[in-house]
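Report on the structure given below.
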Amino acid sequence: MDTLRFYFVTYNVATKAPTQDLNALLDFPSQYNKNKPLPDFYVIGLQEVKSQPQNMLMDSLFSDPWTSTVNKILCRQGYIIAKNTRLQGLLLLVYTQMKHVTHLRDIEAQYTKTGLGGMWGNKGAVSIRFNIYGCSVCLVNCHLTAHEHLLADRINDYNTIIKHHLYHVNETTNILYHDYVFWIGDLNFRTDHPTGSSPTSEEIVAKLQKVEKDKYAALLKHDQLLAVMDAGEAFSEFSEADIKFPPTYKFVIGGDDYDLKRKPSWTDRVLYKVVANNYENVTLRADLVSYNHMPHYTLSDHKPVVAQFNIKVRHGFILSMIERPPVSRSDVKLRRATVPSHTNSDTPHVLSTTASGIQNITGLLSHIDVDELAEEASNEAFANYTEKTVEFAPINRVWYIGDADFRTQCTLTPDIEVNPGDWIGIYDANFHNLDDYISYEYLAKVGLSVRPASDGQPRTITLSFPVGSGVRTPGFYRFLYFSQPNSDVRSVLGISEPFEVSSKEDKLVTLGTSEEPSTSSSPGQPKSATASTDIFNDFTGLDVAKLSRHFSNDLSID
């Protein structure tokens, strides 16, 4: 797998609730195309989510209706919320398939206000950046200044966002420094005609009715965004696929007719930028799959716009935490062996490197032509990309609520630097959000050296959780290892297999202390665990500092 599919949605919802079915918006397989592959990532950018002051605090503690509705669709299909961020009416949600979670690196969110000269967040941008399989990705959702005659303000908004939107990751401190940038939102650029020849709204609608299918070039000649891109005033670094859909603004709410109070315009856009040659011997690219509007959504005066891209990543054949046999090509670094699947799945099978899995590796390696793997890796030329990983030891017994030795053991690759803020969290086995930990402990508790192992050997650590540390309900759980160099940036380095937690009453009735739990990787839905009220997240976009993200676990999947 050397490409990832991203699915983008931008929708100005005009403060309305999600009263229409959103499955079509997310292009979910229907009875006619049940086998259609799902995207690797969903990126949902909304504008004008209801954001009156009385709603902002509640939405910071509990999910807003749009987030809850999208969660019920995507999380049911196994998607995980990698990150979400909000600035008043601006909302950005990023979902990923579970198989990509442990490859997410340096996740960070930022925001820039441009309303009222930067004092108010009714206009501006929110973003989420991360690294995935060796490539940096930046996702921006914006809402720029409205009205046809305020073009200069929109240009200024863009340049303000580019200047002031900064990140903590050294190589990508600016939006434009990332390998891939996708900029979505209500950019609010309108159609603009020469003075004295500007048609009325009625005349534009009449022209639209005569347009042959998908041929809007004559009208797009007057699109403000395309003009400022050509002139280098704003967004000149970006590209846009050909627009083959009618203007998405402004409609009469509840119908499909244009509201003639405004000239029809393409305000809702998806732009992209790729640094193709950022790495030696591999060319990055973003291949368009589709770019269209969704006309049957009528709850807003905008129509949603969706786009799909396949992006090239640097994912290769690597070995991890086991001594690899010598290869004939010294310039190829193999850090984890990947075995092609014998099923129809496109997910590579990664060899287990836990203590219990080492004996299986020898047998599997005997069937692998390492030189052939090196040849393939060299041909793909992933610029010696490797990943730092953490492997959790399997838990070979049932844990009981209240046990004093509630602990986990994991092995770190030699190149991992342990930060003072690194932590391991306990999650429901079927968790839906990286923010939904039940309990956590910092790695500093074990006194591990922050520097990588000097002898090049993996380090194994044991971390204990105190009695009553949050797991109070029988069910299945997981450990996740987070590298967190500061409060703004985090990486997911490892995730454990599900393990069972039971009550002491069950221990007395059904299990002996040496009895092992089920090892099923699909244990079914665990009971919801009690949420922690630890202060840990930073709702920067809302300007509400350090609110708990665990006041309520309001994701109810019917």
Side-chain angles (χ1 to χ4, degrees), residues 9-17 20 45-51 88-90 114-116 120 122-125 141-158 183-211 214-229 233-235 240 243-271 291-306:
V9 176
T10 177
Y11 194 10
N12 184 320
V13 300
T15 75
K16 307 302 181 185
Q20 291 184 273
L46 304 179
Q47 306 87 41
E48 291 193 26
V49 176
K50 193 172 183 180
S51 59
Q88 288 181 220
L90 274 172
T114 60
L116 296 177
W120 189 240
N122 65 321
K123 295 294 188 289
N141 175 31
C142 78
H143 193 185
L144 305 185
T145 299
H147 304 301
E148 180 181 342
H149 65 285
L150 295 180
L151 173 61
D153 289 1
R154 284 187 283 281
I155 293 172
N156 185 64
D157 287 348
Y158 169 77
W183 193 305
I184 67 177
D186 179 0
L187 278 61
N188 252 324
F189 287 94
R190 312 301 175 90
T191 52
D192 195 3
H193 295 75
T195 303
S197 63
S198 180
T200 65
S201 298
E202 291 86 349
E203 290 171 333
I204 293 177
V205 170
K207 289 181 179 180
L208 287 170
Q209 292 172 344
K210 298 178 181 179
V211 167
D214 301 340
K215 295 181 179 178
Y216 296 96
L219 288 170
L220 284 165
K221 288 192 300 184
H222 304 286
D223 177 71
Q224 289 180 340
L225 176 58
L226 295 179
V228 299
M229 291 171 71
E233 296 175 287
F235 294 100
E240 183 179 21
I243 294 177
K244 298 182 179 180
F245 50 88
T248 56
Y249 176 81
K250 172 180 171 86
F251 287 86
V252 175
I253 292 178
D256 294 318
D257 296 326
Y258 284 102
D259 185 340
L260 300 180
K261 295 176 183 177
R262 298 284 187 271
K263 294 179 181 178
S265 300
W266 285 273
T267 58
D268 310 283
R269 313 288 274 265
V270 177
L271 309 178
Y291 186 33
N292 216 330
H293 75 322
M294 305 292 281
H296 71 275
Y297 285 95
T298 59
L299 58 85
S300 168
D301 53 357
H302 290 251
K303 299 296 184 183
V305 171
V306 298

How many angstroms lie between [atom1] in [X] and [atom2] in [Y], if you round to the nearest 0.5 Å?
{"X": "L225", "Y": "L271", "atom1": "CG", "atom2": "CG", "answer": "5.5 Å"}
{"X": "D301", "Y": "F251", "atom1": "CG", "atom2": "CZ", "answer": "9.5 Å"}
{"X": "E202", "Y": "T200", "atom1": "CD", "atom2": "OG1", "answer": "4.5 Å"}

Candidates [options] - the one meeting side chain to side chain donor-acceptor pair (under 3.5 Å) with [X]:
{"X": "K303", "options": "T267, T298, T248, D256", "answer": "D256"}
{"X": "T145", "options": "N156, D157, T114", "answer": "D157"}
{"X": "R154", "options": "Q224, E233, H147", "answer": "Q224"}

Any donor-acceptor pair under 3.5 Å from [X] side chain to [Y] backbone:
{"X": "S265", "Y": "R190", "answer": "no"}
{"X": "W266", "Y": "I243", "answer": "no"}
{"X": "S201", "Y": "L260", "answer": "yes"}
{"X": "Q20", "Y": "H296", "answer": "yes"}
{"X": "D186", "Y": "D268", "answer": "no"}
{"X": "Y291", "Y": "V270", "answer": "yes"}

Sub-4.5 Å side-chain heavy-atom contact between [X] and [Y]:
{"X": "D214", "Y": "F245", "value": "no"}
{"X": "L226", "Y": "E240", "value": "yes"}
{"X": "C142", "Y": "Y158", "value": "no"}
{"X": "P304", "Y": "H293", "value": "no"}
{"X": "Y216", "Y": "V211", "value": "yes"}

Are the charged groups of K250 and D257 less than 4.0 angstrom apart, N to O?
-> no
Go through the steps for D223 and M229 under the test side chain to side chain contact (heavy atoms under 4.5 Å, CB included), then give the verdict.
-> CA-CA 10 Å; D223 177 71; M229 291 171 71; over 6 Å; no
W183 ring center near F235 ring center (under 6.0 Å) | yes
Given V9, which of I184, V306, V305 fulfils the side chain to side chain contact (heavy atoms under 4.5 Å, CB included) condition?
-> V306
Show the numbers, then the answer: is there a side chain to side chain contact (heavy atoms under 4.5 Å, CB included) between I204 and T191?
-> CA-CA 10 Å; I204 293 177; T191 52; 4.2 Å; yes
With under 30° as parallel and over 60° as perpendicular, where do the rings of Y297 and Y11 fit, or are they tilted in between?
-> perpendicular
Nearest heavy atoms of P264 and V205, plus distance in Å | CG-CG2, 3.9 Å
Residues L90 and Q47: closest non-hydrogen pair is CD2-CG, 3.8 Å
Give the intermediate values and the outcome of side chain to side chain donor-acceptor pair (under 3.5 Å) for residues N122 and Q88.
-> CA-CA 6 Å; N122 65 321; Q88 288 181 220; 5.6 Å; no
Can you list the steps and then say if L187 with H143 is a side chain to side chain contact (heavy atoms under 4.5 Å, CB included)?
-> CA-CA 6 Å; L187 278 61; H143 193 185; over 6 Å; no
Is R262 close enough and on-axis enough to Y249, meaning under 6.0 Å and within 45°, for cation-pi?
-> no
I would like to know whether H222 and S198 meet side chain to side chain contact (heavy atoms under 4.5 Å, CB included); could you show each step before the answer?
-> CA-CA 10 Å; H222 304 286; S198 180; over 6 Å; no
